[in-house]
Every structure is written in structure tokens, then in C-alpha cells.
Amino acid sequence: MSPPRILLCGDVLGRLNQLFKRVQSVNKSAGPFDALFCVGQFFPDSAEQLEEFTGYIEGVGGRSQIPLPTYFIGDYGVAAPKVLSTASRNSANLGFKMDGFKICDNLFWLRGSGKFTLHGLSVVYLSGRQSSSGQHFGTYSQDDVDALRALAEEPGVVDLFLTNEWPRGVTNRASASDIPAGFLDTTGSDSSVSELVAEIKPRYHFAGAKGVFYAREPYSNVDAVHVTRFFGLAMVGNKDKQKFIHAISPTPASTMSAAEISMKPPNTTLSPYTLVVDKTALKEDTKRSTTTVSDSQYWRYDVSHKRHKSGSGEGNKLCFKFIYSGSCPRGEKCNFQHDMDAREQYLGGVCLDFLIKGKCERGPDCNFKHNLQNEGESHSRRRRGSENDSGNRSKECWFCLSSPNVESHLIISIGEFYYCALPKGPLVQDHVLVIPIEHAPCTLSLTQQSNSELVKFQNSLKLYYKNRGKEAVLFEWISKRSSHANIQVVPVPSTKAAAVKDICNLAAEKLGFKFVVMKFILAVNNSSDGREWLRMQFDRNYSFFYVELTEGTILSHSVEENENFPAQFGREVLAGLLNMPERADWRKCALGKDEETKMAEEFKKQFEELDPNQ
């Protein structure tokens with residue numbers, strides 16, 4: 001199947017005749033194209049152009065037909081409030097819609113901010129412009145920005161990011177000869193867009209509003225293997241005849257191999273948004289200003305409507321980074337609340353929007369819980385001692401066998417110290433978790449006796465996979481804030497097993513670290529030596545990740561306090577190796593209970609002869 005063909009254009013300014021005349025010409029010579037995205041002001045600048053514009057919107061006259069699906073984010077200009085208010089009241093546009101409000105045939109308004117998939121491409125957008133006026137149309141809100149920050153934390157690569165204004169600083173580290181003449185970074189640029197694009201890391205970023213065309217060299221992203229290409233597009237019908245329409249035909253990232261998506265052209269630069277500033281040269285007021293802008297990345301919503309939070313944070317604002325990932329690069333220096341109760345609610349399956357914001361716009365379509373544990377119970381638990389606290393955590397834990405929350409239908413074998421279960425949302429068939437029965441944060445801190453049983457489980461699983469032409473890859477992520485440990489055991493085809501070490505090292509290099517590598521002869525002690533070596537490497541003051549390969553090689557990494565290490569590193573790397581990046585997020589692979597039960601029973605039947613507990 002050929003990649004989708006997409007057209008993009010800059011500020012339309014209501015000049016739809018000129019735009020679609022050009023579109024039809026390009027479509028005839030290089031098409032057909034699947035869609036058109038418009039960035040920058042879409043509506044007219046003056047009332048004189050309204051007749052032409054409304055000829056398309058209202059379908060007056062046979063000439064006023066929009067030739068292909070067209071999406072716009074520049075919801076400002078003459079007649080914008082009238083047209084968009086009418087569209088908002090249309091019953092077909094009610095509900096939580098991210099893929100566009102229908103204005104008329106083939107014309108869609110991308111409102112606020114959101115993410116949707118079009119012809120396999122992941123598209124993220126921020127509608128409107130930055131403004132403090134609070135007007136209903138033509139501006140984006142803090143909620144719109146925060147929603148995109150939440151989306152940026154989701155696994156998977158964004159193909160297209162659409163904004164009206166340019167990201168401030170985009171020309172940093174760029175070739176001076178390519179920067180448009182008379183370019184001013186402060187006009188038509190937005191620092192919020194800079195922060196967002198640095199977090200979202202799209203493959204393509206398109207913007208308008210400056211009235212000039214600019215194709216920046218590709219730049220590399222922090223904590224991502226792919227590059228970003230930025231294009232600023234001129235306005236339709238500009239007098240300088242600068243390019244206002246651009247065509248691309250990208251292969252969706254979800255279908256690309258790890259090698260394909262990590263390719264970097266020779267003219268790739270470093271990210272323009274990570275320039276190091278000499279702090280000694282800054283004045284004190286500049287320092288304060290920089291801190292304020294940077295802080296905005298870490299909090300998401302004001303939760304004063306919920307409850308008071310104790311501690312040294314900024315009032316009632318929670319640190320979004322902490323709630324989502326369990327860690328914050330700023331540590332104690334963060335100005336926002338690191339609320340472990342909120343973190344635990346999130347880990348228990350509570351909807352992030354509902355938890356922090358008090359509501360969820362997805363309503364019944366949301367896959368997560370819209371209810372919290374009893375507030376009184378939460379305060380009571382905090383008052384009790386650490387022993388009682390641990391007991392209550394065990395009752396709430398998904399992995400404790402004594403917990404009412406344990407998914408017992410997924411369990412396939414129970415020993416004295418460990419049990420095996422299928423995971424929720426498996427990466428591949430026969431993906432297994434090996435879980436300590438004790439409520440412990442990591443397997444490396446458990447007794448030698450329990451370690452012997454763990455090795456038996458591992459060896460049985462390795463043999464089970466080998467009989468099916470596959471090899472076992474085992475990994476454990478030990479966060480300083482981990483609650484209940486689990487080792488992930490993922491089968492990979494024998495033909496790809498040799499590549500696991502290389503792709504892990506490549507991913508580590510892209511993140512800016514190197515694994516400590518050690519190889520052991522498995523035939524001697526059946527991986528006990530490897531476990532003992534890992535115990536020596538592990539320091540409970542740091543987070544820790546390791547992966548064990550079938551041939552006896554172990555890769556390990558101690559994660560520094562401020563290091564940005566993805567919690568799903570192991571799964572994401574294997575998803576890339578197996579050409580299934582869309583399965584990197586377990587929540588997108590979740591199955592119904594009946595199907596899970598059937599899978600578990602089938603695995604138990606097949607594994608019975610090798611099960612060390614039979």
C-alpha cells in the first residue's frame with residue numbers, strides 16, 4: 001500500500017478561489033492527494049472577501065466546491081465567530097471530537113488541540129493563537145496546551161504537528177543562508193509552541209503566520225531516535241510569490257522499522273530548543289523569567305477544587321511529570337506538588353484527566369476509571385505507621401495475590417516465592433510476567449532461596465519458547481518509586497534474537513548513555529552468576545534497568561536522578577525490533593476478560609510439562 005499523499009498550505013486569508021485553483025493544478029500534475037491541511041489564518045482579512053469565502057462555506061453556486069478533504073486550525077479572521085458558532089451547534093459535531101468539526105462538505109475545523117489518525121498518519125494540532133484575551137474563537141487555552149503535554153507522554157511517534165505560529169528559536173543552530181531575509185523571531189513566534197514541539201517530537205512540523213516560506217534542516221530530538229523537519233509556509237497569493245503550498249508523502253511511523261525511522265540525513269543539526277545558555281551572563285530578572293517559562297512544563301491543572309496538598313509546592317498545582325512517570329527531573333527543586341496518592345490512583349487505573357482536572361471529556365468512551373478511593377481512607381492510611389501502610393498498599397496492589405484487585409484469571413503458575421501470569425495488554429503471544437509473591441519493589445533485593453525458584457521459572461520459560469522457535473528476552477525496570485516488582489519475559493523469533501543487543505545499544509546511544517555489558521556461561525550455573533552480578537550492580541538509591549539475553553549476555557544501567565529514562569524502554573525497543581511500534585503501549589493492546597481467560601488457559605495447557613510447580 002502506497003504512503004498517503006498530503007498537501008499543506010499557509011495562511012489562506014479567505015482566498016479559497018486561488019487556493020483551490022492551485023490545489024487542482026497540483027492534484028492534476030502530481031496527485032491524487034488524500035487531504036489538505038491549512039495552517040495560519042484561514043478566514044478573510046476584510047469584509048470584501050466574504051462573498052468568495054461564503055460561496056464555498058454555504059455552497060452557493062456550482063463553482064464553490066472543495067475538491068478534497070481540507071482541515072484548518074487558523075480559526076480567526078472576519079466571519080470566524082459566526083461560522084464556527086454555527087458549526088459548534090450542529091448536532092453532528094457534538095461530543096468529544098478530535099478529527100474535526102464539519103463546516104461543510106470536505107471542510108473540517110480542528111478545534112482546540114488534539115490528536116487523530118488520518119490514512120495511517122498520526123496528526124497532532126494546536127488551533128488558534130496565543131492570547132490573554134480569553135476570546136471564544138481564535139485562541140488556544142492552557143487546557144489545550146496541557147492536553148498536548150499529556151499526549152506527548154504517550155508512546156508512539158507523531159507524524160505531523162500543526163500550529164499557526166512558529167516555534168520561537170526554530171532558527172537556532174540552522175544554516176544562516178537558509179533563514180528568510182529580514183526574519184524576526186519575535187514576530188509570529190510562540191515560546192509555548194517551542195516547548196510543545198520539543199516534548200511531542202513530531203517527524204514534521206508545519207506553521208504559518210509569518211508570511212514567508214522556510215524549510216529548516218532536519219534536527220535531532222532529545223530522547224528520540226528520529227529527526228524533525230520544520231516548514232514555515234507563506235500566505236496564499238502573496239506578492240513575493242513565496243511558496244504557500246507544500247506536498248509530502250510520508251510513510252506512517254507506525255509501519256516503519258526501527259532502522260528506517262532512526263535514519264538521519266547528513267545535514268541534520270542538534271535540536272534548536274536545547275541551546276545551553278551561560279547562566280553567569282544572565283541578569284537575575286532573566287533567570288526568574290526563564291524559570292517561570294520552564295516550570296510550565298511540569299504542572300498541568302490547578303486542583304484547588306479538589307483538596308489542599310501539603311508540602312513545598314506552588315499552591316494547589318500538581319506536577320504532571322511526577323504523576324505520569326513516577327519521577328520528575330527537578331526532584332526537590334520542582335515548584336509543584338509530587339503527590340504520591342495521586343500517583344497511586346493513576347497506577348490503579350484512574351483516568352488522568354479525571355484525577356487531576358476533576359472531569360474527563362471522553363465520558364463513557366474513556367477506557368479508565370472515573371472514581372477515586374474514599375478520601376477518608378486515604379488520609380487514614382497516611383496517618384498509620386509504615387507497617388500498616390505496606391499492608392494497605394498490598395490490598396490495593398494489582399500484583400499482590402491477597403489483593404482484591406489481582407487479575408487471578410491471568411495467573412498460570414504459582415510457586416513458593418514467585419508466580420507467573422500473562423500481562424494485561426501483551427506485546428506478543430506468550431508474553432509472560434514473573435512476579436514475586438512478596439510485595440517488594442525489585443527482585444534483586446529478595447532472598448537467595450527465592451532467587452533459586454526464579455531461575456527455575458526463567459529456565460522453564462526459555463525452554464518453552466525454544467521449542468517454538470523463539471528465544472526469551474527478560475527485563476526489569478526498577479524505579480526508586482516502584483511498588484511491586486515484575487520481570488517481563490518476551491519471546492522473540494530466533495532469527496531476530498541476535499539483534500536485541502544491538503537495538504538496545506542503539507536506543508541507549510540515542511538517549512545518551514551506554515549499557516554496562518557482561519556475559520556469563522549459562523551451562524555452569526544456569527544464570528545464578530548473572531543474578532549475583534546484577535545484585536552487585538544495583539544501588540537502591542538509583543533507579544535501575546537490566547535486560548537478560550538468552551546467550552547469557554546482560555545489559556544494565558543505573559539511572560541518574562535527573563536522567564530522562566523511559567519507563568517503557570524494554571517494551572518500546574522490542575516493539576520496534578518486531579516492527580510493531582503501535583503495540584508499545586500496553587493499554588492499546590488490552591483484551592476483554594473472556595479472551596484473556598482463554599489465552600491463560602491455553603498457555604497453562606501448553607506449559608504444563610515444563611512448569612516447575614507441577
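Keep in mind the model is a prediction, meaning the values are calculated, not measured.
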A side-chain contact here means heavy atoms from C-beta on lying under 4.5 Å apart; do Asn267 and Pro218 qualify? yes
For Phe33, does the six-membered ring have the charged nitrogen or CZ of Arg5 within the cation-pi criterion, i.e. under 6.0 angstrom from the centroid and within 45° of the normal? yes
How far apart are the C-alpha atoms of Leu68 and Asp34, what are their side-chain angles, what is the distance that settles it, and do they pass the side chain to side chain contact (heavy atoms under 4.5 Å, CB included) test? CA-CA 7 Å; Leu68 79 172; Asp34 298 299; over 6 Å; no
Minimum heavy-atom separation for Tyr273 to Pro167, with atom names? OH-CG, 3.1 Å
Please tell me whether Trp166 and Asp190 have a donor and an acceptor in their side chains that are separated by less than 3.5 angstrom. no
What I'd like to find out is whether the side chain of Phe569 reaches to under 4.5 Å of the side chain of Leu574, using heavy atoms alone. no
Do you see a donor-acceptor pair shorter than 3.5 Å between the side chains of Gln142 and Asp146? yes
Is there a donor-acceptor pair under 3.5 Å between the side chain of Ser262 and the backbone N or O of Ala258? yes
Decide whether Arg216 and Ser175 meet the rule of one side-chain donor and one side-chain acceptor closer than 3.5 Å. no
Could you grab the distance from atom CD of Glu548 to atom CD1 of Ile487, nearest 0.5 Å is fine? 7.0 Å
Check whether any side-chain heavy atom of Ile554 sits under 4.5 Å from a side-chain heavy atom of Val547, and report yes or no. no
With distance as the sole test, does Ser220 use its side chain to make a donor-acceptor pair with the main-chain N or O of Val227 at under 3.5 Å? no
Check whether any side-chain N or O of Asp11 sits under 3.5 Å from a backbone N or O of Met235 as a donor-acceptor pair, and report yes or no. no
With a 3.5 Å cut-off and no angle check, do the side chains of Tyr546 and Glu476 form a donor-acceptor pair? yes
Donor-acceptor check, side chain of Asp99 to backbone of Phe116, threshold 3.5 angstrom: yes or no? no
Between Leu160 and Val124, does a side chain to side chain contact (heavy atoms under 4.5 Å, CB included) hold up when you go through it step by step? CA-CA 6 Å; Leu160 305 181; Val124 170; over 6 Å; no
Exercise: identify the closest heavy-atom pair between Phe230 and Gly232: CE2-N, 3.6 Å
Pairwise side-chain contact, Val123 with Thr117, heavy-atom cut-off 4.5 Å (strictly under): no
Could you check whether Glu165 pairs with Lys210 (Lys NZ or Arg NE/NH1/NH2 to Asp/Glu carboxylate O, under 4.0 Å)? no
Please state whether the rings of Tyr56 and Phe20 are parallel, tilted or perpendicular, taking 30° and 60° as the class boundaries. tilted
Between Glu471 and Lys466, is there a side-chain N and carboxylate O pair less than 4.0 Å apart? yes
Nearest 0.5 Å, what's the CZ-CG distance between Phe513 and Asn505? 9.0 Å
Rounded to the nearest 0.5 Å, how far apart are NZ of Lys462 and CG of Asn467? 14.5 Å
When you measure from the side chain of Ser189 to the backbone of Arg168, do you find a donor-acceptor pair of N or O atoms at a distance under 3.5 Å? no
So Phe603 and Tyr464, ring-ring contact (aromatic ring centres under 6.0 Å, His included) or not? Walk me through it. CA-CA 10 Å; Phe603 188 97; Tyr464 174 81; 4.9 Å; yes
How about Leu233 and Ile245: do any of their side-chain heavy atoms sit closer than 4.5 Å? no
Residues Lys424 and Glu596 bridged, charged N to O under 4.0 Å: yes
Considering only NZ, NE, NH1 and NH2 on the basic side and carboxylate oxygens on the acidic side, decide whether Asp159 and Arg203 come within less than 4.0 Å. yes
Could you walk me through whether Val432 and Ile412 pass side chain to side chain contact (heavy atoms under 4.5 Å, CB included), step by step? CA-CA 9 Å; Val432 170; Ile412 54 180; 4.3 Å; yes
His226 versus Ile261, closest heavy-atom pair with distance: CB-O, 3.3 Å
Greater than 12 external heavy atoms within 6.0 Å of Lys501's NZ: no
Donor-acceptor pair, distance only, cut-off 3.5 Å: does the side chain of Lys115 make one with the backbone of Tyr125? no
Any side-chain donor-acceptor pair under 3.5 Å between Ser141 and Asp144? yes
Is a side-chain donor or acceptor of Glu509 paired with a backbone partner of Leu506 at a separation under 3.5 angstrom? no
Is the closest side-chain heavy-atom distance between Val12 and Leu16 below 4.5 Å? yes
Are the side chains of Leu7 and Val26 in touch, meaning some heavy atoms are under 4.5 Å apart? yes
Using only atom types and a distance under 3.5 Å, with no angle test, would you say the side chain of Thr268 pairs donor to acceptor with the backbone of Lys264? no
Would you compute the distance between atom CZ of Arg22 and atom SG of Cys9 and round it to the nearest 0.5 angstrom? 11.5 Å
For the residue pair Thr163 / His205, report whether a side-chain donor-acceptor contact shorter than 3.5 Å exists. yes
For Ser127 against Asp75, the heavy-atom pair lying closest together: OG-OD2, 3.0 Å
Donor-acceptor pair between Gln606 and Arg468 side chains, under 3.5 angstrom: yes
Arg111 and Phe101 have their tightest heavy-atom pair at NH1-CE2, 3.7 Å
Would the distance check show the side chain of Thr553 and the main-chain N or O of Leu549 forming a donor-acceptor pair, the cut-off being under 3.5 Å? no
Students often mix this up, so state it plainly: with edges at 30° and 60°, are the rings of His246 and Phe206 parallel, tilted or perpendicular? tilted
In terms of relative ring orientation, are Phe545 and Phe475 parallel, tilted or perpendicular, with 30° and 60° separating the classes? tilted
Other residues, nucleotides and ligands only: do more than 12 of their heavy atoms fall within 6.0 Å of CG on Asp105? no
Centre-to-centre under 6.0 Å for Trp109 and Tyr71, is that the case here? no
Can you find a heavy atom in the side chain of Leu148 that is under 4.5 Å from one in the side chain of Phe161? yes
What heavy-atom pair brings Phe244 and Ala234 nearest, and what distance separates the two atoms? CB-O, 3.2 Å
With side chain to side chain contact (heavy atoms under 4.5 Å, CB included) as the criterion, how do Arg583 and Lys588 come out once you've worked through the C-alpha distance, each side chain's angles and the decisive distance to 0.1 Å? CA-CA 7 Å; Arg583 298 187 68 83; Lys588 294 182 179 179; over 6 Å; no
To the nearest 0.5 Å, what is the distance between CD1 on Ile66 and CG on Asn106? 6.5 Å
Return the CG to CZ distance between Asp585 and Arg571, rounded to the nearest 0.5 Å. 7.5 Å
Audit row: Glu217, Arg229, salt bridge (charged side-chain N to carboxylate O under 4.0 Å, His left out) steps and yes/no: CA-CA 7 Å; Glu217 305 104 308; Arg229 292 170 168 83; over 6 Å; no
Do Ser257 side-chain atoms and Glu260 backbone N/O form a donor-acceptor pair below 3.5 Å? yes
